[in-house]
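Chain A is the first sequence line, chain B the second, and so forth, proteins listed ahead of strands; every chain is numbered from 1.
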Amino acid sequence: MSNAPKPAAAATTEGTLANIVSHAKEYGFVFQSSEIYDGLAAVYDYGPNGVELKNNLKQLWWKAMTQLHQNVVGIDAAIFMHPLTWKASGHVDGFSDPMIDNLDSKKRYRADVLLEDRAAEHEKNGELARAETLLAEMGRLLTSEDLAGVKQLIIDEKIVCPVSKTGNWTDVRQFNLMFSTQVGAVAEDSSQIYLRPETAQGIFVNFLNVQKSARQKVPFGIAQIGKAFRNEIVARQFIFRMREFEQMELQFFVRPGTEGEWYEHWKTMRRRWHEALGLPAAKLRFHDHDKLAHYAKAAVDIEYEFPFGFKEIEGIHSRGDFDLTQHQTLSKKKQQYFDADIDPATGKAYGNYVPFVVETSVGADRLFLATLCQAYQEETITEGEGEQQQTKTRTLLRLHPAVAPIKAAIFPLVKKDGMPEKATEIFNSLRHDFRVIMEERDAIGKRYTRQDLIGTPFCIVVDGQTLEDDTVTVRHRDSREQTRMPIAELRAYIGEAVSFSRIFEKLEG
RNA sequence: GCGGGAGUAGCUCAGCUGGUAGAGCGGCAGCCUUCCAAGCUGCAGGUCGCGGGUUCGAACCUCGUCUCCCGCUCCA
């Protein structure tokens, strides 16, 4: 330990988004999709280290849900769903609006709303017939998807922008939230279906299948991790807003009347989970929705302070019985649960009802980005003494060991005297339990640095002493300090540090 | 969508008034190395984002276009 670096007075700074994007690419975390073709806007690929980190985050969420709760079970529903699903959920009608922009004020409006407002004016002026004609014409044009006709109608009606007072409009464009495709091998027989814009509906339509097959009683939850697809109007901020993204959703089914307390419960639990993972409390906040979505009775976001400001990483919604009732109506299949528990108020069973739902939905990619932003640090360190003293910058990822892509790197101090062989032996003894790597190339300092850059928490070094007494040094990423320990203790030592248990313990506060 | 900035080797960047493309780091091979991006030798690596135009000649001027970043706007 005598040659270990002196503990450094370290000043750390966080990275800008540009630093982080660059780091993510350089070290194999995130690449732009189809980069060699100039990329595809708002689509990204995860590289070798990125996929490990993301998988670890997903595993951690999955186990925190299904392993820790006997009344939460998982599902993996298909991305393709019956088209009526999206009618029921409100996505078809609610998110295919004709949009128009005013070129002077740069304001964007829904074309149909502009026309409806004008019709209302006509009506107010006593021109009832004119109002009706206008609405009928608009309806005809929208149904036939004649967007140019809609624009012409706006011009004919001399509708001007309330802000700029001009009629300098762009063309009317359809905002399509959902991506559509065809199912059916033969073109003429194929029908249009959508890539799901959220994973929740796969859970709702399976509500009874799961409840029965998993022998669950309300309250219980269904967890799912899966891809979802949305045509974003403006996709920005790296992987924060992607067209293809991954959601980690829990839909928790409760007895009507108890949704309030469950909403509070999950609000608390989910925030605690993010903190246990290493997102500091000061950089997390709740943000209540003022305007609620069509399905929600209460909604709150958990926001993290990214380099570009506080942004949502998870949403918690009290969805009531909206979704199940909608599916019950459209599918004509009862979506009821028979509750045999006795209601103390009446002395009878609660009986049949459509359960209420409390949803927690985390963006896996947003969580990944938050984790990366939080972990990325540039540290100014001072080394040596007196005239030898020098200041340099160390860039590292302070990832929680449980989510780090590589748990430990094993280095022979030098490539001779049987050290590489000893290192290989250690590597082989650990690789069944942990993702570890062995590196014998380059100077030891360079190898340490490479591991700092990808967030590897431990570097195990085989040196001369190892050959005599089977002990190694374990160098810690965050402090750069070293501990000497017997090879035989490595497995338990690393296992303790990277265990999900350390995180789960903090959830039970 | 609007405004601003950027795009040259794997990365970070230099490249003057238009005249055959550069550095550091990294990579590869070898030597040497007992603890924090060490040293020596050698090698490889570029359609200067892409496409037009001007010019004897374009990384540089010009027009267009794509992508990314920042700010605004928008967004369940």
Side-chain angles (χ1 to χ4, degrees), chain A residues 1-6 8 16-23 25-28 32-44 89-91 94-95 97 99-110 163 170-171 173 175 177 197-198 200 230-238 241 289-296 299 301 307-309 311-312 315 317 319 359 361 381 383-384 390 392-396 411-417 419 440-453 459-467 472-477 479-482 484:
Chain A
M1 293 278 274
S2 56
N3 46 7
K6 297 276 177 286
T16 62
L17 186 61
N19 294 147
I20 290 160
V21 171
S22 168
H23 192 91
K25 186 189 169 196
E26 181 71 5
Y27 298 101
Q32 193 181 7
S33 163
S34 320
E35 192 186 24
I36 62 168
Y37 291 107
D38 267 347
L40 184 61
V43 186
Y44 292 87
S89 70
H91 285 87
F95 300 100
D97 305 321
M99 316 286 282
I100 192 165
D101 297 271
N102 183 274
L103 290 166
D104 298 312
S105 66
K106 314 295 183 199
K107 292 287 175 191
R108 173 169 289 165
Y109 301 93
R110 279 178 52 177
V163 177
T170 62
D171 287 343
R173 286 164 297 184
F175 170 59
L177 175 90
E198 64 174 23
R230 295 182 197 187
N231 237 329
E232 300 290 350
I233 301 174
V234 187
R236 292 293 291 278
Q237 273 124 3
F238 194 38
R241 186 165 293 163
H289 285 212
D290 303 324
K291 209 178 97 191
L292 294 174
H294 61 273
Y295 55 76
D301 293 336
F308 45 89
K311 299 281 179 184
E312 174 189 359
H317 295 87
R319 295 180 80 129
E359 162 189 289
S361 176
I381 53 175
E383 276 183 350
Q390 51 179 335
K392 42 181 138 176
T393 305
R394 180 171 80 122
T395 302
L396 75 163
F411 305 148
L413 185 55
V414 288
K415 201 159 64 172
K416 62 177 188 187
D417 299 342
M419 291 183 200
E440 53 183 36
R441 297 168 50 103
D442 298 314
I444 192 78
K446 192 176 290 187
R447 284 179 275 169
Y448 284 145
T449 300
R450 274 202 289 264
Q451 298 309 313
D452 286 344
L453 289 164
C459 292
I460 297 162
V461 174
V462 172
D463 57 13
Q465 194 179 332
T466 309
L467 305 173
V472 289
T473 59
V474 175
R475 181 261 195 188
H476 299 260
R477 175 195 66 202
S479 63
R480 294 184 300 144
E481 282 169 5
Q482 289 171 303
R484 184 166 282 279

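- Here the side chain of A:Ser22 is nearest to one of B:A37, B:C75, B:C11, namely B:C11.
- Separating the P atom of B:A38 from that of B:G18 is a span of 42 Å, rounded to the nearest Å.
- Atom P of nucleotide B:C35 and atom CZ of A:Arg480 are separated by 15 Å, given to the nearest angstrom.
- B:G19 and B:U33 have their C1' atoms separated by 47 Å, given to the nearest Å.
- For B:G18, there is no paired nucleotide, since no Watson-Crick or G-U wobble pair has both relevant distances below 3.5 Å.
- Within the 4.5 Å cutoff, no side-chain heavy atoms of A:Gln451 are placed close to those of A:Arg475.
- Nearest nucleotide to the A:Val414 side chain, out of B:C35, B:U34, B:C74: B:U34.
- Relative to the side chain of A:Lys446, the nucleotides B:A76, B:C75, B:G26 differ in distance, and B:G26 lies closest.
- Annotation: B:G26 and B:U62 have their P atoms spaced 38 Å apart (nearest Å).
- Residue A:Arg441 is classed as a sugar-phosphate contact, given heavy-atom separations below 4.0 Å to backbone atoms only.
- Checking B:A76, B:A37, B:U33 against the side-chain heavy atoms of A:Thr449 singles out B:A37 as nearest.
- A residue-by-residue look at A:Ala443 and A:Leu413 shows that A:Leu413 has its nearest nucleotide of RNA chain B further toward the 5' end.
- Separation of the C1' atoms belonging to B:A23 and B:C50 is 27 Å when rounded to the nearest angstrom.
- Of all nucleotides listed (B:C74, B:U34, B:C35), B:C35 comes nearest to the side chain of A:Gln482.
- Between the CG atom of A:Leu396 and the P atom of B:A37 there is a distance of 14 Å, rounded to whole Å.
- Taking every side-chain heavy atom of A:Phe238 into account, B:C69 is the closest of B:A37, B:C69, B:G27.
- Nearest heavy atom pair, residue A:Val461 against residue A:Leu413, reads CG1-CB, 4.0 Å.
- Checking B:G10, B:G27, B:C35 against every side-chain atom of A:Asp442, the shortest atom distance belongs to B:G27.
- Across all strands shown, B:G71 forms a Watson-Crick or G-U wobble pair with B:C2, both key distances being under 3.5 Å.
- The A:Glu26 side chain lies nearest to B:C11 when the options are B:C11, B:U34, B:A37.
- Comparing B:A37, B:C36, B:C35 against the side chain of A:Arg475 picks out B:C36 as the nearest.
- Proximity note for A:Leu17 (side chain, C-beta onward) versus B:C35, B:C69, B:A76: the nearest is B:C69.
- A:Arg484 places its CZ atom 12 Å from the P atom of B:C35, with the value rounded to the nearest Å.
- In this structure, A:Asp417 reaches the bases: a heavy-atom distance under 4.0 Å links it to at least one base atom across the strands shown.
- Distance CZ (A:Arg241) to C1' (B:A76): 11 Å, rounded to an integer number of Å.
- As rounded to whole Å, 15 Å separates atom P of B:C11 from atom CG of A:Leu453.
- B:C60 is unpaired under the criterion used here, namely a Watson-Crick or G-U wobble arrangement in which both key atom distances are under 3.5 Å.
- Of the N and O atoms on the side chains of A:Asp463 and A:Thr466, at least one donor lies less than 3.5 Å from an acceptor on the other residue.
- In this structure a side-chain-to-backbone donor-acceptor pair under 3.5 Å is present from A:Arg447 to A:Asp442.
- Taking A:Ser33 as the reference, A:Leu40, A:Val43, A:Asp45 meet the side chain to side chain contact (heavy atoms under 4.5 Å, CB included) condition, with sequence neighbours excluded.
- When Watson-Crick and G-U wobble pairs are counted only if both distances are under 3.5 Å, B:G10 pairs with B:C25.
- To the nearest whole angstrom, the two C1' atoms, one in B:C43 and one in B:A6, are 33 Å apart.
- The side chain to side chain contact (heavy atoms under 4.5 Å, CB included) check on A:Val21 picks up A:Leu17, A:Phe238, with sequence neighbours excluded.
- Scanning all heavy atoms of the two residues, the minimum distance from A:Met419 to A:Gly464 falls at CE-N, 3.6 Å.
- Summary of the strand contacts: A:Tyr44 and A:Met419 both lie near RNA chain B, and taking for each the nucleotide with the nearest heavy atom, the more 5' one is attributed to A:Met419.
- Checking A:Glu481 against A:His476 by side-chain atom types alone, no donor-acceptor pair falls below 3.5 Å.
- The separation of B:G5 from B:U20, taken at their P atoms, amounts to 30 Å, rounded to a whole angstrom.
- For B:C11, one of the phosphate oxygens OP1 or OP2 lies less than 4.0 angstrom from a side-chain nitrogen or oxygen of A:Lys25.
- Atom CD in A:Glu440 sits roughly 12 Å away from atom P in B:A29 (whole-Å rounding).
- For the pair A:Lys311 NZ and B:C75 P, the interatomic distance rounds to 13 Å; values are reported in whole Å.
- Phosphate proximity of B:C68 to A:Gln32: present, with a side-chain N or O under 4.0 Å from OP1 or OP2.
- The base of B:C35 is paired with the side chain of A:Asp463 by a donor and an acceptor separated by under 3.5 Å.
- Note on A:Lys415: a base of the nucleic acid sits closer than 4.0 angstrom, heavy atoms only.
- When rounded to the nearest whole Å, the span between NE2 of A:His91 and C1' of B:C75 equals 13 Å.
- Spacing of C1' atoms, B:A76 relative to B:C68, comes out at 27 Å, to the nearest Å.
- The P atoms of B:A9 and B:C48 are separated by 10 Å, rounded to the nearest whole Å.
- Looking at heavy-atom distances under 4.0 Å, A:Arg450 makes contact with sugar-phosphate atoms alone, never a base.
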